[in-house]
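Each chain gets a letter, A, B and so on, in the order its sequence line appears, and its residues count up from 1. On a predicted model such as this, the values are computed, not experimentally measured, just so you know.
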Amino acid sequence: MTPSPTPTALVWFRDDLRLRDHPALQAALKAGLAPVPVYIHAPHEEGAWAPGAASDAWRHRSLAALDAELRQRGSRLHVFAGESLATLASVAASTGAAAVFWNRRHEPAIDQRDTRIRRELRQLGLRAEAFNGSLLFEPWQLETRAGDPFRVFTPFWKAALQAWNPPGLQPAPDHLPTMDPVPGEVALAALGLQPVPRWDNTFWDEWIPGEQGAALALQAFIDSKLHTYSEGRDRPDRALTSRLSPHLHFGEIAPWRVATQLDAAGPPDERAAFLRQLGWREFAHHVLRHFPHTPDDNFNPRFDDFQWAQPDAALLRAWQRGNTGVPIVDAGMRELWTTGWMHNRVRMIVASFLTKNLRIHWRHGARWFHDTLVDADLANNALGWQWVAGTGVDAAPYFRVFNPVLQARKFDPQGEYIARWVPELRGLPARARHAPREAGAAGLAATQGYPHPIVDLGESRNDALAAFARLKGR
DNA sequence: TAGGCATTGGC
DNA sequence: CCAATGCCT
């Protein structure tokens, strides 16, 4: 008789593409089960918010990086495509698995699917358990004194800091057991995550997807950006943000590792300013979990009657491609198109321009960001767009319309960010780049090929305010 | 350059 | 009663 092999546990990787600080992987090891790393490509199970093309391009590289890390330890990633439940059940059967472990995702469609999968797996006699792998605080962990979910960031974050208790850090396992090929496996390349043609080539000068890339980004941030973060983070002309967003979205680094490594570095108020940004990510997941309709519909139903402009494909396309004639807006949209990322200050500016000056529904902007950002994240995207549009949580006491010229002067004072992304304006003196049409004849002559503004900023602002005022009586 | 805009959640 | 990533006069 041959000795029976160690029973296995499937570790179902999703948006947690790392080996350190991985609760589901640790659970398998702790239970004495041999981990079988599994990835299942099933975008059709994500409802209306299947990952976009930029996100897929990142995911391809991140999965390849995870596979390489696993192979260094004797294991590898087993890749499948199809129905998640059926795949898990069949892989569990063919590998003799006793359990399936994964880390939670909180997107509404995924959460529903996973609840069903857990139930079904348990009915098959398997242990099935989900863990927190992506947040400092589970969305249900914090509540107001009245027992409600938070709707305002500041009290949310105060409560979070009071409850602060991040878990300890876990190294990646040194060695993982080798597994025979599993029936039904496919090659990573067969998932079709990489774009054709390869328009993403320009992305990878700036990004290293995967756990190592995430660690490098964090270290670079701590070494050279953290000490000026509170001011620097608002300056798109300087590279002073952490650029951790895609790494966090794909779970290439745990937020509690970011927080813990930060603890040992930098001035306290700079550290607090950065942690606060991690806090917005936590808040977004909290809000999405408690208000699952917010990716698609207004958080505040009062705005359901807001008079958005008539759909105009040409205006939307001008915005998407960075041809609005408003320099800071075009710079941001072109940065997004070229690199799969946009500086957060500029995200607010382009979003305000779309929803207030063009008065195009925030949903169109959210969709474009979802498709083009490498860090596209349903929770962050929904919160951000609704915050700017004024339809969401953390509402301002007035109808806020960003002035893109003032914002550019304030946060890109020399017009360097504009010049980087809008070459038509490079010949202008620095101060003229923010509003070339106001720069006189000399300015005009230098702006070859750069469009006139597609909308009058002052007029459209007043129109938006008027549309807002019309909501009042209702 | 200080004050107006004028809402809402949470303590 | 405080606070909320802004703009305009």
Side-chain angles (χ1 to χ4, degrees), chain A residues 142-163 228-236 238 240-242 245 269-270 272-284 286-287 290-291 294 298-306 326 328-329 332 342-357 362 380-381 383-412 434-435 455-474:
Chain A
L142 301 172
E143 53 183 33
T144 69
R145 275 206 237 153
D148 296 322
F150 286 95
R151 297 160 155 87
V152 175
F153 174 72
T154 304
F156 169 84
W157 192 232
K158 266 181 81 173
L161 290 175
Q162 294 233 317
T228 55
Y229 182 73
S230 52
E231 302 249 328
R233 71 188 192 83
D234 262 329
R235 293 288 299 271
R238 317 257 181 88
L240 293 176
T241 59
S242 74
S245 53
D269 30 344
E270 300 298 327
F274 181 74
L275 281 183
R276 193 177 167 85
Q277 294 306 305
L278 278 189
W280 277 97
R281 176 176 178 274
E282 299 285 322
F283 183 50
H286 176 86
V287 171
H290 292 287
F291 307 99
T294 50
N298 294 325
F299 169 80
N300 181 350
R302 176 189 177 204
F303 283 86
D304 292 352
D305 291 328
F306 188 78
V326 180
I328 190 74
V329 173
M342 193 195 305
H343 188 282
N344 187 54
R345 167 58 54 181
V346 189
R347 293 188 198 196
M348 292 190 277
I349 299 169
V350 303
S352 172
F353 181 79
L354 184 78
T355 57
K356 307 290 173 70
N357 296 105
W362 58 264
N380 291 335
N381 203 37
L383 181 131
W385 276 96
Q386 293 223 43
W387 182 87
V388 172
T391 60
V393 293
D394 213 63
Y398 35 75
F399 193 61
R400 184 167 27 205
V401 184
F402 282 55
N403 180 325
V405 177
L406 293 187
Q407 288 275 319
R409 287 195 181 127
K410 187 167 174 192
F411 298 116
D412 180 27
H434 305 122
V455 67
D456 182 277
L457 293 178
E459 222 171 88
S460 57
R461 173 178 200 273
N462 290 335
D463 291 348
L465 288 170
F468 178 63
R470 268 180 255 128
L471 284 180
K472 276 183 203 156
R474 310 200 178 207

Classify the nucleic acid contact of A:E143 as base, sugar-phosphate or nothing, counting any heavy atom under 4.0 Å across all strands shown. nothing
At 4.0 Å (heavy atoms only), tell me whether A:P404 reaches a base, stays on the sugar-phosphate, or touches nothing. nothing
Ignoring hydrogens and angles, are the base of C:dG6 and the side chain of A:Y398 linked by a donor-acceptor pair under 3.5 Å? yes
Classify the angle between the aromatic ring planes of A:F306 and A:F303 as parallel (below 30°), tilted (30 to 60°) or perpendicular (above 60°). tilted
Side-chain-base donor-acceptor pair under 3.5 Å for A:R345 and C:dT5: yes
Atom CG of A:L406 and atom C1' of C:dT5 are separated, to the nearest Å, by 15 Å
Integer-rounded Å distance: B:dG9 P and A:H286 NE2: 13 Å
Determine the minimum heavy-atom distance between A:M348 and A:W387, stating which atoms define it. SD-CZ3, 3.8 Å
Length of the NZ-P vector between A:K356 and C:dC7, whole Å: 11 Å
Once you apply the 3.5 Å cut-off to both distances, tell me the Watson-Crick or G-U wobble partner of C:dT5, or none. none
Out of B:dG9, C:dT5, C:dC7, whichever nucleotide has its closest atom nearest the side chain of A:Q407: C:dC7
A:V152, nearest nucleotide to its side chain (from B:dT8, C:dT5, B:dG9): B:dG9
Atom CZ of A:R235 and atom P of C:dT5: how far apart are they, to the nearest Å? 20 Å
Give none if B:dA6 has no partner; otherwise give the nucleotide forming a Watson-Crick or G-U wobble pair with it, both distances under 3.5 Å. none
Atom CZ of A:R302 and atom P of B:dT7 are separated, to the nearest Å, by 7 Å
Nearest atoms (heavy-atom pairs only) where A:F283 meets A:R151: CZ-C, 3.8 Å
Could you give the CZ-to-P distance, from A:F150 to B:dG10, as a whole number of Å? 7 Å
Nearest whole Å is fine: how far is C:dA4 P from A:F283 CZ? 13 Å
Atom-to-atom span, CZ of A:F399 to P of B:dG4 - whole angstrom: 22 Å
The side chain of A:T144 is closest to which nucleotide in this list: B:dG10, C:dC8, C:dT5? B:dG10
What's the closest nucleotide to the side chain of A:T154 if the choices are C:dA4, B:dG10, C:dG6? C:dA4
Between C:dT5, C:dC7, C:dA4, which nucleotide gets closest to the side-chain atoms of A:N403? C:dC7
Cation over ring, A:K356 on A:F399, under 6.0 Å and within 45°? yes
Decide yes or no on side chain to side chain donor-acceptor pair (under 3.5 Å) for A:W280 and A:N380, but give the supporting numbers first. CA-CA 8 Å; A:W280 277 97; A:N380 291 335; over 6 Å; no
Sub-4.5 Å side-chain heavy-atom contact between A:P149 and A:E143: no
Just compare C:dC7, B:dG9, C:dT5 and give me whichever is closest to any side-chain atom of A:R461. C:dC7
Take atom P in C:dC2 and the same atom in B:dG3, then report the distance between them in whole Å. 16 Å
